[in-house]
Amino acid sequence: MLNIVLFGPPGSGKGTQSQLLVEEYGFQHLSTGDMLRDEIGRQTELGLAAQKVMDAGQLVSDDIVIGMIQNRLDAAPDAFGFIFDGFPRTIAQAEALDRLLEEKNTKIAQCLSLEVPIEVLTERLVERGKKSGRGDDNLETIQKRIQEYREKTTPVADYYDHQSKLSKVDGVGEVSEINERLRSIIDHL
Ligand code: B4P
């Protein structure tokens with residue numbers, strides 16, 4: 001099993017690049033953001049609670065997202081591999097993911113970190129907000145999301161770096177160029 005973490009700040013292209021890598025390699029795509037938006041769309045109890053947190057630009061509780069990931073891992077025992085998009089976002093999530101994968105006799109092969117300057121992130125997300133209708137793609141919430149990323153999520157990159165599993169990838173450029181950069185790393189794992 002080949003398991004990849006696609007890491008980066010909000011708007012760095014994780015979702016965009018994950019979709020391409022899923023088509024190219026046949027990964028199972030596990031996006032906690034998509035899972036939460038699905039819960040919101042179905043107006044479940046979990047979704048209603050998550051919506052308030054997401055619209056405030058904050059992170060949903062570790063227990064909720066770890067539980068969602070565990071369910072998806074259990075449901076796909078024969079997958080070629082998983083691409084984790086937007087997860088883990090805290091050290092507690094990273095540690096839980098290592099434990100869950102160990103139970104299945106597998107592990108994270110590499111964390112690919114998309115590096116994008118803040119001005120570019122903000123511009124991309126404001127632009128997406130004009131069409132997406134997402135409650136968290138407005139300037140005030142985007143700034144809060146970037147602050148949450150700095151405080152709670154950047155330590156996750158160090159977590160993988162200490163395991164010698166971190167690759168930094170320039171996330172600025174054409175979508176196809178960035179895809180090539182990611183593939184050149186994945187092809188050597
Ligand atoms: P996510 O859904 O993960 O959203 P995101 O970080 O904003 O990135 P996304 O993948 O959507 O965007 P992308 O960079 O591809 O999280 C949303 C919220 O859910 C979080 O704030 C949090 O509240 C909650 N949440 C999710 N996971 C959680 C977890 N594990 N723990 C706790 N809470 C969690 O693309 C952005 C835009 O850029 C798009 O419009 C795209 O078209 C554009 N773009 C992409 N690549 C480009 C390029 N190369 N050039 C120009 N534009 C580009």
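Heavy-atom basis, side chains included; hydrogens, waters and symmetry copies ignored. When a ligand or atom number is given, it counts from 1 through the structure's own listing order.
Looking at residues two or more places apart in sequence or on another chain, you find a side-chain contact (heavy atoms from CB on, under 4.5 Å) between S132 and R128, R134, D137.
Under 4.0 Å from any atom of ligand 1, one finds heavy atoms of residues P10, G11, S12, G13, K14, G15, T16, T32, G33, L36, R37, M54, Q58, L59, V60, V65, G86, F87, R89, Q93, R124, L125, R128, R134, D136, R145, G173, V175, I178.
Here ring pair (Phe, Tyr, Trp, His ring centres under 6.0 Å) pairs that include residues 154-189, with residues two or more places apart or in two chains, number zero.
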Side-chain donor-acceptor pairs of residues 63-85 under 3.5 Å, sequence neighbours excluded:
from : atom 1 : to   : atom 2 : distance (Å)
N71  : ND2    : G67  : O      : 3.4
D74  : OD1    : K104 : NZ     : 2.8
D85  : OD2    : H29  : NE2    : 2.9

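Taking every heavy atom of both residues into account, M54 and T141 meet most closely at O-CG2, 3.9 Å. Here the closest non-hydrogen pair linking N3 and K107 is ND2-O, 2.9 Å.
At distances below 3.5 Å, at least one donor-acceptor pair connects side-chain atoms of T153 with backbone N or O atoms of R89.
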